[in-house]
J.: 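Let me give you the structure first, and then I'll get to my questions.
Index from 1, following the sequence.
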Amino acid sequence: MQIYAAPMEGITGFIYRETLAEQFGGYDKYFSPFAAATHTRSFKHRELEDMDPAHNRNQVLVPQILASQSGDFIWAARFMADLGYREVNLNLGCPVGTVVRKHKGAGMLQDPGLLDCFLEAVFDGCRDNGPGISLKTRIGLEDTKQADRLFEIYARYPLAELIVHPRTREQYYKGLPDLDRFGELLQVYEDRGGRAPVCYNGNIYNEEDMAEIRRRFPSVRSVMTGRGMLRNPALARQLKGGQILTKAELRRFHDSLYAAYQQVMPGGGPLVNRMKELWTHMAILFPDGGRQVKSIYKARSPVEYEGAVRVLFNTCPMVLPERGGLDPLGYNVT
C-alpha cells in the first residue's frame with residue numbers, strides 16, 4: 001500500500017515537507033498545497049518557492065493546481081512540466097467559501113456538465129508533452145446526489161490517479177467519511193471503464209484505520225493522510241510496520257521545523273502563529289497537557305512560545321491515540 005502526504009494549506013509547505021521527509025520518511029508521494037492558476041499566467045512568489053525543485057530534493061512531489069478555466073490549468077501544467085514534474089494534481093476538493101464561490105476547488109462539483117467540458121479541454125491541451133494529471137475530489141457539494149455522474153465523468157479521462165475524499169464540501173472535515181458511498185462510487189467508476197488507480201483519503205490515523213480500508217476496498221492501492229500526518233509525523237513509517245513515534249523524535253522534529261521557519265519568516269508573530277497552527281493537530285498527543293497547551297496558544301513572542309513548549313515536553317507524557325477514526329475533529333484548544 002502506497003502512502004501519500006496530503007496538501008494542507010498554510011502548513012505543509014516545502015519546509016514542513018522537507019523536514020518530515022528527512023526525519024521520518026515513509027511517504028511515497030507528497031502533494032503541495034494548491035498553486036492558483038489565473039488569467040495572469042503567473043504564480044505568487046510563495047507558490048514559486050514552494051514548487052522550486054531545489055526545495056524538494058528529498059521527496060517525490062506532485063504540485064497541486066487550483067483553476068476554474070481550462071486554459072489557465074493547461075498553462076500551469078506545462079509550467080510544472082518545464083520544472084521537471086511528471087504529474088500535477090487538479091484540486092476539486094477545497095471547501096473554503098472564497099474558493100468555492102469562484103467556481104474552483106469543490107465549487108467545480110456543482111455543475112458536472114461544465115466540469116466535463118473543463119476536463120475535456122484540459123486533457124486535449126495536455127495530450128502532447130504535458131505531465132500526467134491526477135485529480136483529488138470530494139463526493140459532492142451539498143450532498144452526493146450528483147456523485148454517480150461525477151464518477152462516470154472521471155472514468156472517461158486518462159487520469160494518472162483518482163484521489164477521493166468521501167465527504168461533501170458542506171461537511172468540510174466534520175463527521176466520519178462515508179465509506180459506504182465511497183464503495184458505491186468506486187464501483188461506478190470501475191463499471192464505467194475507469195482504469196486509473198484510486199487513492200482513498202480521509203481519517204487515516206493508525207494501522208487499524210488503514211486495515212479497514214484494505215479490507216473493505218481491496219482494489220484501492222494507496223491512501224492519503226493529512227490530519228493524521230500532522231498529529232503524528234511518524235505515521236507513514238508506522239503504517240508500513242516501522243517504529244511508532246517517540247516523544248524525543250517529536251521534540252526533535254518540532255525544534256528542526258521551528259529553526260527552519262525562523263530562517264525565512266519575518267518577525268516573531270508570524271513564526272509563533274505558524275507553529276500554533278501545527279499544535280491544533282499535535283496537541284492531541286498530550287491528553288493531560290491542557291494547561292500547558294493553552295500556554296502555547298497564549299504566547300505572543302518566540303520567547304514565550306519556546307518556554308511554553310519546553311514546559312509541555314518536560315512535564316507531560318505523550319500518548320498516541322488508539323483509534324483516530326472515532327475522533328474526526330481532533331483536539332483543539334480554544
J.: Who pairs with Glu49 by side-chain contact (heavy atoms from CB on, under 4.5 Å), at least two apart in sequence or on another chain?
T.: Phe14, His45, His55
J.: With sequence neighbours left out, which residue pairs that include part of residues 50-69 fulfil the salt bridge (Lys or Arg N to Asp or Glu O under 4.0 Å) condition?
T.: Arg17-Asp50
J.: Between Tyr154 and Phe151, what is the ring plane arrangement, given parallel below 30°, perpendicular above 60°, and tilted in between?
T.: perpendicular
J.: Any Lys/Arg nitrogen of Arg167 or Asp178 sitting under 4.0 Å from an Asp/Glu carboxylate oxygen of the other?
T.: no
J.: Is any NZ, NE, NH1 or NH2 atom of the basic residue among Arg78 and Asp82 found under 4.0 Å from an Asp or Glu carboxylate oxygen of the other?
T.: no
J.: Other hydrophobic cluster members with Phe34, side-chain heavy atoms of Ile/Leu/Val/Met/Phe/Trp/Tyr under 4.5 Å, chained?
T.: Leu66, Val96, Val99
J.: Taking salt bridge (Lys or Arg N to Asp or Glu O under 4.0 Å) as the cut-off, I'd like each qualifying pair that reaches into residues 102-129, sequence neighbours left out, listed once.
T.: Asp116-Arg156, Asp124-Arg127
J.: Check Ala76 against Ile65 and note the closest heavy-atom contact, atom names and distance.
T.: CB-CD1, 3.7 Å
J.: In the hydrophobic cluster built from side-chain contacts under 4.5 Å, what are the other members alongside Leu114?
T.: none
J.: Considering only NZ, NE, NH1 and NH2 on the basic side and carboxylate oxygens on the acidic side, decide whether Glu170 and Arg138 come within less than 4.0 Å.
T.: no
J.: Are Tyr16 and Leu61 linked, directly or through intermediate hydrophobic residues, by side-chain heavy-atom contacts shorter than 4.5 Å (ILVMFWY only)?
T.: yes
J.: Does Arg192 have more than 12 heavy atoms from other residues, nucleotides or ligands lying within 6.0 Å of its CZ?
T.: no
J.: I'd like to check the side chain to side chain donor-acceptor pair (under 3.5 Å) partners of Ser222; sequence neighbours left out, ordered by chain and number.
T.: Glu161
J.: Would you kindly check if the NZ (Lys) or CZ (Arg) of Arg237 is within the cone defined by 45 degrees around the ring axis of Phe24 and under 6.0 Å from the six-membered ring centre?
T.: no
J.: Can Arg169 and Asp143 be counted as an ion pair, charged N to O under 4.0 angstrom?
T.: no
J.: Tyr205 ring centre to Arg231 NZ or CZ under 6.0 Å, with the angle to the axis within 45°?
T.: yes
J.: Is the shortest distance from a Lys or Arg side-chain nitrogen in Arg181 or Glu184 to a carboxylate oxygen in the other one below 4.0 Å?
T.: yes
